[in-house]
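Remarks on the structure that follows.
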Amino acid sequence: MRALTTQLAGRIGALVVLSAVVAGCAEGQAVEPRPKTSGLPPVAGVPTRLDVGSLVLPIEPYLFTDRQVGRLFRARAVLTASCMERFDLRWPVPAESAPDTGTLNPANTAHRYGLTDPRLAVRYGYHPAPGMMPSRTKEKSPEPNPGPKELLVLTGLHEDGTRAAQDERGRPVPVGGCQGEATKALSGDPEKIGNRELVGRINIGSYRDSQKDPRVVRVFRAWSHCMRQYGYAYADPTQAPGKGAEFTGPTATRAEIAVAGKDVECKRRTNVIGIWSSVDAAYQRRAMSEKTRELAAIKRDIRTQVTNADRVLGK
């Protein structure tokens, strides 16, 4: 029973906590192997980019925005609660109407390439500026604590994990339970909601591949050399200026602000953001060119899910 409860808890948590479908570049997200393509993707006309405010990566039209995902999961919670009521069971709808992740766009370019804003660097160091990260003080809705009867109707599974076709009163339970019924009403599939795996693979895969690309490796070395001129030894911008224990206090120290300022200065002097983002985008375009039909279907799928969520929520 403990194992099943753990398994079911994972399903339940998606109703009140946004899943990894939000994250454009979430750490720890599984990435399936992609077909190997020989050669480096071409990059032409690399801009001198000093910030990421206007940066839009090619994969973004195929990713849900924060607001869309928030409405999507709230709509699913509303539909799930309505289904549960048919079985004379109560199910809470989270009070939060949208996520608060601090991302500015689906690909999370605000954080994708590390610290880039000199104004934030000199004021906050590597600490998150207000509004740039999830709020820790915002009151969250309590997570539900269902019993066996609620779990059966919610998930459509018996305690042993087998399909539950009926509840204890003989009433038919939808495939996947009320959660599956709600998910299917939004996406057409009782097991899928939000971003599809393909766009996640492309989005995260390009980020990882770009860091190994010789053009990016060269600019990383230039950035590292620049940092050494100021007395800081970091191999590349991903090697954690700001992630050390000395930078984890409640506010930024002078030492942290000093490193952060030089980090951004060296990124600007060497054009790290212009080169890295251009190579990142090139890997995305190449991967996307091999999946044009699938991506067209994904764009239609986004419209369908957003439209259905709007219909459920009445706006």
For the residue pair Asp310 and Arg71, establish whether any side-chain heavy-atom pair is separated by less than 4.5 Å. yes
Looking at side-chain heavy atoms only, is the closest gap between Arg285 and Pro41 below 4.5 Å? no
Should Lys192 and Asp301 count as an ion pair when the cut-off is N to O under 4.0 Å? no
OG1/Thr251 to CZ/Arg123 distance, rounded to the nearest 0.5 angstrom? 12.5 Å
Is there a donor in the side chain of Asp236 and an acceptor in the side chain of Thr238, or the other way round, less than 3.5 Å apart? yes
Determine the minimum heavy-atom distance between Pro174 and Cys178, stating which atoms define it. CG-N, 4.4 Å
Report yes if the side chains of Tyr230 and Val259 come closer than 4.5 Å at any heavy-atom pair, otherwise no. no
Under 30°, 30 to 60°, or over 60°: which ring-plane class applies to Trp276 and Tyr207, parallel, tilted or perpendicular? parallel
Just wondering, do Glu60 and Thr109 contact through their side chains at under 4.5 Å, heavy atoms? yes
Atom pair CZ (Arg67) and CG (Leu72), whose distance is rounded to the nearest 0.5 Å: 12.0 Å
Ile273 and Asp51: which non-hydrogen atoms are nearest, and at how many Å? CG2-O, 4.2 Å
Working to the nearest 0.5 angstrom, can you tell me the gap between Ile59 CD1 and Ile204 CD1? 11.0 Å
Any idea which heavy atoms bring Arg112 and Asp280 closest together, and the distance? NE-OD2, 2.7 Å
Check against side-chain hydrogen bond (donor to acceptor under 3.5 Å, both in side chains), Ser224 and Arg228: CA-CA 6 Å; Ser224 180; Arg228 283 198 303 272; 3.2 Å; yes
Distance in Å, Gln166 CD paired with His158 NE2, rounded so as to fall on 0.5 Å steps: 8.5 Å
Run the salt bridge (charged side-chain N to carboxylate O under 4.0 Å, His left out) check on Asp88 and Arg169 step by step: do they pass? CA-CA 11 Å; Asp88 304 315; Arg169 293 169 54 181; 3.0 Å; yes
Tell me whether Leu120 shares a hydrophobic cluster with Ile257, the cluster being built from Ile, Leu, Val, Met, Phe, Trp, Tyr side chains joined at under 4.5 Å. no
Between Leu40 and Tyr283, is the side chain to side chain contact (heavy atoms under 4.5 Å, CB included) condition met? List the steps. CA-CA 8 Å; Leu40 302 176; Tyr283 278 99; 3.7 Å; yes
Counting only N and O atoms by type, is there a donor-acceptor contact under 3.5 Å from the side chain of His127 to the main-chain atoms of Thr253? no
Testing Gln284, Gln211, Arg215, Lys212 one by one against Val279 for a side chain to side chain contact (heavy atoms under 4.5 Å, CB included), which residue passes? Arg215
State yes or no: do Val56 and Ile302 share one hydrophobic cluster built from I, L, V, M, F, W and Y residues joined by side-chain heavy-atom distances below 4.5 Å, directly or via other members? no
More than 12 non-hydrogen atoms from neighbouring residues, nucleotides or ligands closer than 6.0 Å to CZ on Arg221, yes or no? no
Nearest heavy atoms of Met84 and Glu150, plus distance in Å: CE-O, 3.8 Å
Would you please test Thr80 and Leu154 for side chain to side chain contact (heavy atoms under 4.5 Å, CB included) and show each step? CA-CA 8 Å; Thr80 300; Leu154 178 70; 3.6 Å; yes
As an exercise, state the distance from CD of Glu294 to CZ of Arg196, rounded to the nearest 0.5 Å. 13.0 Å
Side chain to side chain, Leu151 and Glu159, heavy atoms closer than 4.5 Å: no
Quick one, Gln179 with Thr155, criterion side chain to side chain contact (heavy atoms under 4.5 Å, CB included). Give me CA distance, side-chain angles, the key distance, then yes/no. CA-CA 6 Å; Gln179 183 171 288; Thr155 66; 5.9 Å; no
Checking Thr162 against Asp160 for the side-chain hydrogen bond (donor to acceptor under 3.5 Å, both in side chains) test, could you report, in this order, the C-alpha distance in whole Å, the side-chain angles of both residues, the deciding distance, and whether it holds? CA-CA 6 Å; Thr162 59; Asp160 61 2; 2.6 Å; yes
Say whether, by atom type as modelled, one donor and one acceptor occur between the side chain of Asn271 and the main chain of Pro47 under 3.5 angstrom. yes
Are Tyr126 and Asp263 close enough, and set up right, to give a side-chain hydrogen bond (donor to acceptor under 3.5 Å, both in side chains), and what steps lead you there? CA-CA 10 Å; Tyr126 293 99; Asp263 178 4; 2.9 Å; yes
Shared hydrophobic cluster, Leu157 / Val175 (ILVMFWY, side-chain heavy atoms < 4.5 Å): no
To the nearest 0.5 Å, what is the distance between CZ on Arg201 and CG on Asn195? 12.5 Å
Report yes or no: do Tyr232 and Val272 belong to one cluster of Ile/Leu/Val/Met/Phe/Trp/Tyr joined by side chain heavy-atom distances under 4.5 Å? yes
Heavy-atom distance under 4.5 Å between the side chains of Pro237 and Tyr113, does that happen here? no
Here the pair of heavy atoms bringing Leu152 nearest to Ala164 is CG-CB, 3.8 Å
Minimal non-hydrogen separation, Arg269 against Cys226, with atom names: NH1-SG, 3.6 Å
In one Ile/Leu/Val/Met/Phe/Trp/Tyr side-chain cluster, 4.5 Å: Trp223, Val217: no
State whether the side chain of Ser82 and the backbone N or O of Val78 hold a donor-acceptor pair below 3.5 Å, judged by distance alone. no
Could you walk me through whether Trp91 and Val153 satisfy the side chain to side chain contact (heavy atoms under 4.5 Å, CB included) test, starting with their C-alpha distance in whole Å, then the side-chain angles of each, then the deciding distance to 0.1 Å, before giving a yes or no? CA-CA 11 Å; Trp91 189 254; Val153 175; over 6 Å; no
Look only at the side chain of Lys267 and the backbone of Leu115, and say whether a donor-acceptor pair between them is shorter than 3.5 Å. yes
Would you indicate whether Glu191, at its atom CD, is surrounded by more than 12 heavy atoms from other residues, nucleotides or ligands within a distance under 6.0 Å? no
Look at the side chain of Gln305 and the backbone N and O of Gly194, then say whether any donor-acceptor pair between them is shorter than 3.5 Å. yes
Regarding Asp167 and Lys149, does a basic nitrogen lie under 4.0 Å from an acidic carboxylate oxygen? no
Would you say the side-chain atoms of Asn308 pair up with the backbone N or O of Ser187, donor to acceptor, closer than 3.5 Å? no
Flag the pair Arg268 and Glu265 as a salt bridge only when some basic side-chain nitrogen lies within less than 4.0 angstrom of an acidic carboxylate oxygen. no
